[in-house]
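Below you'll find the structure I mean.
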Amino acid sequence: MGSLLIAWQLRNKNVLIIGGGEIAAQRIDSILITDANINVLAPHDGLNLRVQRLIQDYPDRITYHDRFFAGVEELQGMDMVLTALDDTELSREICDMCRKSRIPANAADIPDLCDFYFGSQIRDGPLQVMISTNGNGPKMANLVKKKLQSALTGVEGPAITKVGKLRAQLKIRAPGVGGEVGKKRMKWMTDVCNVWDMEELALLDDSMIQHLLDDGWGKNCVPTFADLKGIRLKPIPSVSMPFIFGPVLGFAAGVLITLSTWWIRRR
């Protein structure tokens, strides 16, 4: 069974999280970065320490309701519902209510009730990579995530951010949606990403962006990083302390022996 992986925009949407344990804390972490309005529904004695801390740390983002789930009225005004309960039957009832109200829902550890899944994610600025097993093996998703993470260099996020700035400036110079202009913009941006490597894109600054647009887009070509007189930042090789001190100490010892011999002969 497959599913459609999408980036769901939740900014200013209302998300209800029912439960206060560790899974609820994980759901809060996942939703916080989306700039959604989070509502946590659970009795206070059912909150673990991490959920309590999140509620305290984000009072402008999280609204806490100290009570059990009371019924369908709890769903009013919600755009998404996440259950993080040990009570499977209650989770089923809540998901049924959500479907009748056309609200997407996710029930922790009950895949057949979920309209969507939470996969393992890699995030680096605007870069988001999601790994989903479609509810078959969350731990396997985490293992795959670690393998993918080890292949990333750390410049991907900054490079994508700079490409986004270049693309925004290009849209100002060549406005319009679709049509020939849109096709030309897309082709030129594709060529830039093919000609420049990740490290070079990450070094783009405002001045280089303007030069790239003037000398590239304006002349229907793609200047290279070297054409713009960019300087690739290379790490300075580290030198171990024994490598430095070995020759220095040897030289010093030689000087001392020579001086001692000279002094003895003079006497």
Side-chain angles (χ1 to χ4, degrees), residues 2-13 15 29-37 61 79-80 116-133 141-237:
S3 57
L4 176 66
L5 297 182
I6 60 174
W8 199 334
Q9 298 297 316
L10 288 175
R11 180 186 293 272
N12 298 324
K13 301 289 187 181
V15 178
D29 282 334
S30 296
I31 301 299
L32 271 173
I33 55 179
T34 69
D35 293 329
N37 303 314
R61 298 284 315 284
D79 299 293
M80 176 186 287
F116 57 92
Y117 304 110
F118 282 86
S120 288
Q121 297 182 48
I122 299 171
R123 290 179 177 271
D124 180 9
L127 174 64
Q128 291 180 250
V129 180
M130 178 181 170
I131 304 97
S132 174
T133 61
N142 187 258
L143 293 174
V144 173
K145 169 187 172 179
K146 290 179 179 178
K147 285 182 176 292
L148 293 178
Q149 253 178 334
S150 66
L152 298 175
T153 64
V155 301
E156 290 82 6
I160 293 169
T161 298
K162 298 299 177 63
V163 167
K165 290 183 177 180
L166 173 62
R167 187 164 174 257
Q169 289 296 314
L170 176 58
K171 283 186 174 182
I172 293 174
R173 293 203 181 196
V177 178
E180 292 303 315
V181 173
K183 291 178 182 177
K184 184 180 177 183
R185 275 201 318 257
M186 185 180 297
K187 182 182 183 306
W188 188 78
M189 286 299 306
T190 299
D191 290 342
V192 170
C193 293
N194 286 332
V195 171
W196 290 49
D197 62 32
M198 283 281 187
E199 291 77 10
E200 292 168 347
L201 290 169
L203 294 175
L204 268 175
D205 58 23
D206 292 341
S207 174
M208 292 175 71
I209 286 174
Q210 294 307 313
H211 283 300
L212 188 53
L213 290 170
D214 292 339
D215 300 338
W217 173 260
K219 299 177 182 178
N220 197 29
C221 65
V222 177
T224 65
F225 185 78
D227 290 337
L228 296 187
K229 295 183 172 62
I231 301 175
R232 183 190 295 273
L233 297 180
K234 293 185 178 178
I236 299 173

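The first residue in the sequence is number 1, and the count goes up from there.
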Checklist line | Heavy-atom check, side chain of Ile160 versus side chain of Asp124, under 4.5 Å | finding: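 When only atoms from C-beta onward are counted, Asp124 and Ile160 do not touch, as no gap falls below 4.5 Å.
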Margin query: Could you measure the distance from the OG atom of Ser120 to the CG atom of Asn142? Nearest 0.5 Å is fine.
Written below: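 Going from the OG atom of Ser120 to the CG atom of Asn142 covers 4.5 Å.
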Check: Where the side chain of Trp196 meets the backbone of Ala202, is there a donor-acceptor pair that is under 3.5 Å apart?
Finding: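 No, Trp196 side chain to Ala202 backbone: no donor-acceptor pair under 3.5 Å.
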Margin query: Ignoring hydrogens, what is the shortest heavy-atom contact between Met130 and Tyr117? Give both atom names and the distance.
Written below: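 For Met130 versus Tyr117, the nearest heavy atoms are CE-O, 3.6 Å.
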Check: How far apart are the closest heavy atoms of Pro223 and Gly216, and which atoms are they?
Finding: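 Heavy atoms only, the tightest pair is CD-CA, 3.4 Å.
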Note to self: For a 4.5 angstrom cut-off between non-hydrogen side-chain atoms, does Glu200 reach Leu203?
What the structure shows: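 When only atoms from C-beta onward are counted, Leu203 and Glu200 do not touch, as no gap falls below 4.5 Å.
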Notebook entry, point to check: Nearest 0.5 Å, what's the CD-CG distance between Glu156 and Leu201?
Noted result: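 Interatomic distance, Glu156 CD to Leu201 CG, rounded to 0.5 Å: 11.0 Å.
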Margin query: What I'd like to find out is whether the side chain of Leu204 reaches to under 4.5 Å of the side chain of Lys165, using heavy atoms alone.
Written below: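 Side-chain contact under 4.5 Å: no.
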Notebook entry, point to check: Side chain of Trp188, backbone of Cys221: donor and acceptor closer than 3.5 Å?
Noted result: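 Yes.
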Next item on the list: Verify, without hydrogens or angle tests, whether Asp227 (side chain) and Thr224 (backbone) share a donor-acceptor contact under 3.5 angstrom.
Entry: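 Yes: the side chain of Asp227 pairs with the backbone of Thr224.
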Next item on the list: Might you work through the side-chain contact (heavy atoms from CB on, under 4.5 Å) test for Lys219 and Asp214, ending with a clear yes or no?
Entry: CA-CA 7 Å; Lys219 299 177 182 178; Asp214 292 339; over 6 Å; no
Check: Between Trp8 and Lys13, is any pair of side-chain heavy atoms under 4.5 Å apart?
Finding: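 Side chain of Trp8 against side chain of Lys13, heavy atoms only: no contact under 4.5 Å found.
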Check: Which heavy atom of Val15 sits nearest a heavy atom of Ala36, and at what distance?
Finding: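 Looks like CG2-CB, 4.0 Å.
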Check: Counting N and O atoms only, with roles assigned by atom type, does the side chain of Arg173 sit under 3.5 Å from a partner on the main chain of Gly218, one being a donor and the other an acceptor?
Finding: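 No, Arg173 side chain to Gly218 backbone: no donor-acceptor pair under 3.5 Å.
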Notebook entry, point to check: Is the CG atom of Asn194 crowded by more than 12 outside heavy atoms at less than 6.0 Å?
Noted result: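 Result for CG/Asn194: enclosed.
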Next item on the list: Check whether any side-chain heavy atom of Leu166 sits under 4.5 Å from a side-chain heavy atom of Leu170, and report yes or no.
Entry: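 Counting from C-beta outward, Leu166 and Leu170 never come under 4.5 Å.
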Notebook entry, point to check: Between CZ of Arg123 and CD1 of Ile33, what distance do you get to the nearest 0.5 Å?
Noted result: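 Going from CZ on Arg123 over to CD1 on Ile33, the span is 3.0 Å.
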Check: Considering only heavy atoms from C-beta outward, does the side chain of Asp205 approach that of Lys162 to under 4.5 Å?
Finding: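 Not in contact.
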Notebook entry, point to check: At their closest point, which heavy atom of Ala141 faces which heavy atom of Ile131, and how far apart are they?
Noted result: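 Nearest pair, atom of Ala141 first, then Ile131: CB-O, 3.7 Å.
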Next item on the list: Under the side-chain contact (heavy atoms from CB on, under 4.5 Å) rule, what do Leu213 and Ile209 come out as? Steps first, then yes or no, please.
Entry: CA-CA 6 Å; Leu213 290 170; Ile209 286 174; 4.1 Å; yes
Next item on the list: Could you tell me whether the side chain of Arg185 and the main chain of Lys171 form a donor-acceptor pair under 3.5 Å?
Entry: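 Looks like no, no N/O pair under 3.5 Å.
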Next item on the list: Would you confirm whether Gln169, through its side chain, and Arg167, through its main-chain N or O, come within 3.5 Å as a donor-acceptor pair?
Entry: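 Checked: no pair found.
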Notebook entry, point to check: Going through the checks in order, is the side-chain contact (heavy atoms from CB on, under 4.5 Å) test met by Leu10 and Asp79?
Noted result: CA-CA 9 Å; Leu10 288 175; Asp79 299 293; 5.6 Å; no
Item checked: Closest contact, heavy atoms only, Val222 versus Asp191 ->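 For Val222 and Asp191, the tightest heavy-atom pair comes out as CG2-CB, 3.7 Å.
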Notebook entry, point to check: Distance-only, no hydrogens or angles: does the Lys145 side chain make a donor-acceptor pair with backbone N or O of Gln121 under 3.5 Å?
Noted result: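 Yes; at least one donor-acceptor contact below 3.5 Å.
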Notebook entry, point to check: Which pair of heavy atoms, one from Arg61 and one from Ile31, lies closest together, and at what distance?
Noted result: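 Taking every non-hydrogen atom into account, NH2-O, 4.1 Å.
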